[in-house]
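Here's the structure, in structure tokens; my notes come after.
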Amino acid sequence: MEIIYDYPLYRPPSEANSMIFQVTLGCSFNKCSFCNMYRTKEYSERPWDEIKAEIDMAARYYPQTTRIFLADGDALNLPTEKMIQILKYLYANFQHIERISCYAMPKNLLQKKDDELEALQKAGLNMFYVGIESGNDTVLKKVTKGATYSSIVRACLKAKRHRYTLSCMIILGLGGKTYTTEHARDTARVLSEVAPDYVGALTLQLEDGIYEEFMSKFGEPFIALEDMDILDELRRLVQDFNPATPVIFRANHASNVYSLGGTMPQDKERLLATIESLKSHPELLKPKFLRRF
Ligand code: SF4
């Protein structure tokens, strides 16, 4: 038996082996100019009866489930009481849960009151994946992210204060050549200030269907970064990334020019040396046709 999903369905790479329940469909914001994940869907909250039936079925066939990811784009947008109802039912039906996670926008986190985030944490929601994309306000505005440096920091620190594990995504190349310096500098700054548990770096790939919108919203000619520029941007970002607590940093997404990772700040010199060496050996970079966003 399998759950019948409403496609397209997305989950973070680290949730590849997790059981996925779609508690919402689409993204309640759906306006970031680089993202066409949910453009074919209108945001909606799935009825309790449907969610319950899927949990019942999955619990019967996959009782050993340990990790659960709540989809789609921002399940945290659900009213807190409904999310608690879902969490309670999941823990009642799966005896081996180690982690329940979902995507969350800075806006979702800021809209929840402190006592709501605390109640969700106590009900067993453990982890958020937050797409912060950039720390630079100009870039964030040009890609219509609906967040600023300040709102990202407030949202992420709020989640940390309530003991959630935090995994943040950033996008290399998002500001193009014009803003590469500011994008690297301020993204390193926001990551240093937040010090999430994990950081995943993706590289911008504009897919068909979103290209025109991205260019028009950018408001000025967008000059995409070449592979060597991406490595320079990554080098600057790693150089300036100085978290006070250890952060697992990975640039191993399918979109990247090369897969690398380590723990910051302790692996900084090794990562910088790898990036320098790649600049001298472009033949080691992943062929373009193998990269996906
Ligand atoms: S990047 Fe996230 S918040 Fe923005 S439109 Fe895509 S799913 Fe929604």
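Order of listing sets the numbers, starting from 1, for every ligand and every atom in it. Index from 1, following the sequence. Every heavy atom of this structure was used, including side-chain atoms; hydrogens, water molecules and symmetry mates were not.
Under 4.0 Å is where a charged nitrogen must lie from a carboxylate oxygen, and between K279 and D232 at least one such pair does.
Of all atoms in ligand 1, numbered sequentially from 1 with element shown, those under 4.0 Å from a heavy atom of C27 are 3 (S), 5 (S), 7 (S), 8 (Fe). Counting the atoms of ligand 1 from 1 in the order shown, those under 4.0 Å from a heavy atom of N30 are 5 (S), 8 (Fe). Those atoms of ligand 1 that come under 4.0 Å of a heavy atom in M105, given as number and element, are 3 (S). Close approach of ligand 1 to K31 is summarised as follows: ligand atoms under 4.0 Å from at least one heavy atom of the residue are 5 (S). Annotation for ligand 1: atoms under 4.0 Å from non-hydrogen atoms of Y38 are 7 (S).
Within the structure, every pair that satisfies the salt bridge (charged side-chain N to carboxylate O under 4.0 Å, His left out) test and touches residues 133-151, not counting sequence neighbours, is listed here: E133-K145, K142-E220.
Across V238 and L271, no two heavy atoms sit closer than the pair CG1-CB, 4.1 Å.
Ring orientation note: the planes of F218 and F214 are close to parallel, at an angle under 30° on the 30°/60° scale.
In this structure, C35 has a heavy atom closer than 4.0 Å to ligand 1.
Looking from atom 4 (Fe) of ligand 1 to the surrounding protein, the closest heavy atom is C32 SG, 2.3 Å. Closest to atom 2 (Fe) of ligand 1 among all protein heavy atoms lies K145 NZ, 4.2 Å.
With ring centers used as reference points, F69 lies under 6.0 Å from Y103.
For F241, there are no ring-ring contact (aromatic ring centres under 6.0 Å, His included) partners at least two apart in sequence or on another chain.
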